[in-house]
Each structure stands twice: as structure tokens, then as C-alpha cells.
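Note sheet for the following structure.
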Amino acid sequence: MALPPSPPRRPRRLLLLLLLLLLCGASALSLGVLFLAGGAHEALLSRSLPYLLPPSRGRPFSPSSCAPLLPSAEAFLLAPAGDPCALRTPFLLVLVASAPDHAARRQAVRDTWGGVLWAGGRPTRTLFALGVPSEPSQQAALEREAARHGDLLQGRFLDTYANLTLKTLALLGWAATCCPGASFVVKADDDVFLNLPALARHLGALPSPPPPYLGRIHWWVRPNRDPRSRHHLPVPLYPGDAFPPYCSGTAYVLSGEAVPALLGAARHVPLVPLEDVFVGLCARQAGLAPLHLPHMAGSEHFPPDACCYREVLFSVHGVVPAEMVAVWEEVGTHEGACSAWQRALGLVRCKALAWLAA
Ligand SMILES: *[C@@H]1O[C@H](CO)[C@@H](O)[C@H](O)[C@H]1NC(C)=O
């Protein structure tokens with residue numbers, strides 16, 4: 001019996017090898033480009049740091065190498081009116097990261113959860129942090145908004161997605177300098193619905209000293225190496241394989257004592273342009289362990305439901321202004337928002353609703 005002719009394997013293998021080599025060459029080239037781009041990016045970020053870093057400049061051997069990074073007086077173009085923490089030290093100081101052209105989102109927050117001065121029987125205060133608009137004509141509108149509401153904190157840096165880490169450094173620096181007595185500082189995005197009464201009650205019931213860093217924890221997240229992504233992180237800026245656990249930037253909580261500790265650690269942490277990862281890196285550097293709060297939604301959206309928004313969840317992400325106002329009105333009119341069985345199911349029911357709505 002004759003054997004069938006064997007297929008011409010070798011040439012095909014050679015072709016494959018060639019293709020592989022070509023691909024490797026291309027990726028090596030793009031890695032080189034990445035390297036350069038990464039360095040430029042870091043330089044860009046550090047150029048705006050002098051606004052936040054005047055004390056340490058020229059004093060590299062100062063014994064305060066873990067002193068908090070505090071903003072200078074010139075670091076802010078607009079600051080909250082009066083002294084928001086003098087009259088009554090807030091239990092919860094909420095700093096909402098916003099953008100110059102997000103006036104509608106800020107107004108929705110003011111008209112709803114952010115407009116209250118007491119939550120769960122404890123004083124709270126909500127302020128907005130932003131940078132400099134790329135369109136200079138927008139500055140006048142911001143100044144009018146600040147004069148009217150007195151709740152804007154504007155840092156002297158260009159308000160761009162890549163500068164969010166600077167925004168966080170600025171708002172934490174302001175909290176440490178101007179509101180050092182706050183029991184907790186909450187950083188939230190301007191499309192987040194915060195359930196301040198439930199959060200305040202939860203935090204108020206924690207043993208003392210309270211956990212320093214709380215939120216929805218992301219575990220073992222790998223850096224995004226795709227240069228087209230807005231979450232892209234070049235290898236030279238962060239060579240590691242994965243980030244340490246960090247709390248979702250949509251909303252996280254820091255104890256008052258944790259804020260200066262984080263700002264001290266920030267001197268030794270690369271300025272990665274992902275603000276929540278940056279805070280996680282600072283927390284690890286400062287030896288502060290994050291605590292998982294399952295009732296913080298992270299980046300998940302939950303459909304409007306009075307029981308979930310009023311009693312179960314502490315934060316919900318991706319809430320547009322109209323929905324924010326509607327759910328606030330709905331929540332306000334429901335005294336006992338959850339029925340007995342809804343309360344018993346709690347988070348499971350809310351997750352099921354989110355899953356059904358997705
Ligand atoms: C960050 O802000 C600084 C200071 O305004 C600015 O020079 C820089 O271009 C901004 N960086 C990015 C990446 O937008």
C-alpha cells in the first residue's frame with residue numbers, strides 16, 4: 001500500500017516563522033515609541049506639580065521626605081467661600097471631582113444629595129473640585145458659579161482626563177490644609193449618586209480608629225498597555241504586572257488621618273494618570289490597607305429603585321442629572337423604602353435588578 005504524499009509542511013512553517021518575526025519587530029518598535037511617549041507624559045505631569053510642591057523644591061534632603069504634599073496658596077484659582085469647615089467640622093467632607101463644562105451635573109448634585117448639611121445625624125459638606133478649562137471663555141462662567149454657590153475648588157492645572165491625578169492631589173491637599181478635622185473625606189465623581197445618610201451611619205458605627213481607606217476594591221487589575229486606550233499606562237511609568245488593590249475612583253472614603261499619610265506617601269509614588277490607582281499606590285506606600293465596602297457600586301449602574309438607593313447602596317455610578325433629580329424625589333417620598341422581604345434580600349435584589357436592566 002502506497003503512503004499518501006506528505007503535505008509540504010516545511011515551507012509553511014518557515015512562512016509562519018517569518019510572520020512571527022515581523023510581528024515581534026513591529027511590537028518592539030511600538031514599545032520603543034511607547035517608552036518615549038511615556039517619558040514625555042511624566043514630564044508633562046511633573047511640570048504642573050510645582051504648584052503643589054513648593055516646600056520640597058530645592059530641599060531634597062529635608063527630613064520631611066514623608067511630609068504631606070500640600071498645595072501652596074497660589075495652587076487654587078477658586079476656593080470655597082468663607083471657611084466651609086470653621087463653623088462646623090464636617091463628619092463627611094465630600095469632594096466631587098468635576099469638569100469645567102459639567103455645570104448641569106454639579107447643579108443636579110447640589111439639588112439632591114450634595115445639598116444637605118446633615119446626613120445620618122452628622123454634619124456633612126459637599127464641594128466640587130475642577131481644573132482650568134481649556135476654553136478660556138469658560139472661566140467667567142465658573143467664576144459666576146463660584147460666586148453664586150461658593151462650593152468650587154479650582155486647581156491651577158489644565159482640566160483634562162490625564163490630569164485627574166493632579167485633581168485628586170489638589171483636593172486631598174485642600175482637605176488636609178483647610179479641613180483637617182473632618183472625620184472622613186469622600187472623593188466621588190460628578191455622575192455618582194451618594195447615599196450620605198446610609199454612608200454616614202455605616203462609618204459612624206465603625207470601631208475607632210476607623211479603617212483608613214474604604215470603597216469597592218479592584219483586585220489584581222493589570223495595567224492597560226494599549227496606547228489607544230484612555231486608560232493606557234506606559235511600561236516605564238509603571239512596569240509592574242498588576243496594581244495593588246485599590247478602591248474604585250467613582251467613590252471612595254478616606255479617614256481624616258489617612259489623608260496626610262497618603263499625601264506624604266505621594267512623594268514616592270509614580271504619577272500614574274489613573275487617579276484611583278494612584279491613591280491605591282499611595283495607600284500601599286503608606287501601609288494603609290483598603291477595606292471592601294460591598295454597598296459601594298463601583299462603576300456599576302443600578303436602575304432607579306427607592307429601596308436600593310435609599311437603604312441598600314452607598315453609591316451608584318453613571319447617574320445622569322435628570323435621573324439624579326428623579327431618584328432623589330422618589331427616595332424623599334418613601335419613608336420605609338424597603339419592604340421586609342426587600343430588606344432581607346438587600347444587595348442581592350439590587351444586583352438582580354441591575355442585571356435585569358443591563
Ligand atoms: C496638566 O496640567 C498642566 C498644568 O496646567 C498642563 O501643562 C498639562 O498639559 C496638563 N497635562 C495633560 C496631560 O493634560
Side-chain angles (χ1 to χ4, degrees), residues 30 32-58 68-80 95-103 105-106 127-143 145-146 152-177 187 189-191 223-239 243 246 249 262-263 266-282:
S30 62
V33 170
L34 246 170
F35 213 91
L36 287 171
H41 186 80
E42 199 181 10
L44 253 177
L45 275 170
S46 57
R47 219 176 301 145
S48 29
L49 256 192
Y51 294 111
L52 288 152
L53 270 170
S56 76
R57 290 183 86 202
L69 276 182
L70 294 178
S72 64
E74 315 90 78
F76 301 108
L77 290 165
L78 294 170
L95 296 167
V96 179
S98 192
D101 58 351
H102 286 181
R105 294 191 187 186
R106 288 192 289 281
L127 304 168
F128 300 93
L130 32 75
V132 175
S134 45
E135 193 52 62
S137 61
Q138 284 184 357
Q139 184 63 21
L142 287 178
E143 279 163 19
E145 187 181 334
L152 297 191
L153 175 67
Q154 185 183 36
R156 203 183 283 271
F157 50 83
L158 202 58
D159 196 301
T160 59
Y161 192 80
N163 266 350
L164 277 182
T165 298
L166 285 184
K167 193 176 285 178
T168 294
L169 276 175
L171 63 86
L172 292 181
W174 184 86
T177 328
K187 183 261 155 182
D189 286 342
D190 60 5
D191 59 346
N224 185 316
R225 304 297 192 197
D226 176 1
R228 287 160 304 178
S229 163
R230 74 172 183 168
H231 299 294
H232 170 230
L233 195 55
V235 176
L237 198 52
Y238 188 83
F243 300 128
Y246 65 94
L262 277 185
L263 290 170
R267 291 183 188 281
H268 312 286
V269 168
L271 267 176
V272 300
L274 311 157
E275 71 89 21
D276 48 8
V277 170
F278 178 76
V279 169
L281 289 167
C282 292

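Counting starts at 1 for both ligands and their atoms, in listed order. It should be emphasised that the depicted structure is a prediction, and the values quoted were computed from it without experimental measurement.
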>> Is it the case that ligand 1 has an N or O less than 3.5 angstrom from some N or O of Asn163?
In response: yes
> For Arg228, what residues pass the side-chain hydrogen bond (donor to acceptor under 3.5 Å, both in side chains) criterion, not counting sequence neighbours?
Replying inline: Asp226
> Is Lys167 reaching over with its side chain to a backbone N or O of Gly155, donor-acceptor style, under 3.5 angstrom?
Replying inline: no
Extract all donor-acceptor atom pairs below 3.5 Å that involve side chains of residues 127-142 and protein atoms in other chains or at least two apart in sequence.
residue : atom : partner : partner atom : Å
Gln139  : OE1  : Gln154  : NE2          : 2.8
Gln139  : NE2  : Glu143  : OE2          : 3.2
Gln139  : NE2  : Gln154  : OE1          : 2.9

> Can you say whether the rings of Tyr161 and His231 are parallel (under 30°), tilted (30 to 60°) or perpendicular (over 60°)?
Replying inline: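 Perpendicular, since the angle between the ring planes exceeds 60°.
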Show the atoms of ligand 1 that are less than 4.0 angstrom away from any heavy atom in [X].
| X | value |
| --- | --- |
| Thr160 | 12 (C), 14 (O) |
| Ala162 | 13 (C) |
| Leu158 | 2 (O), 4 (C), 5 (O) |

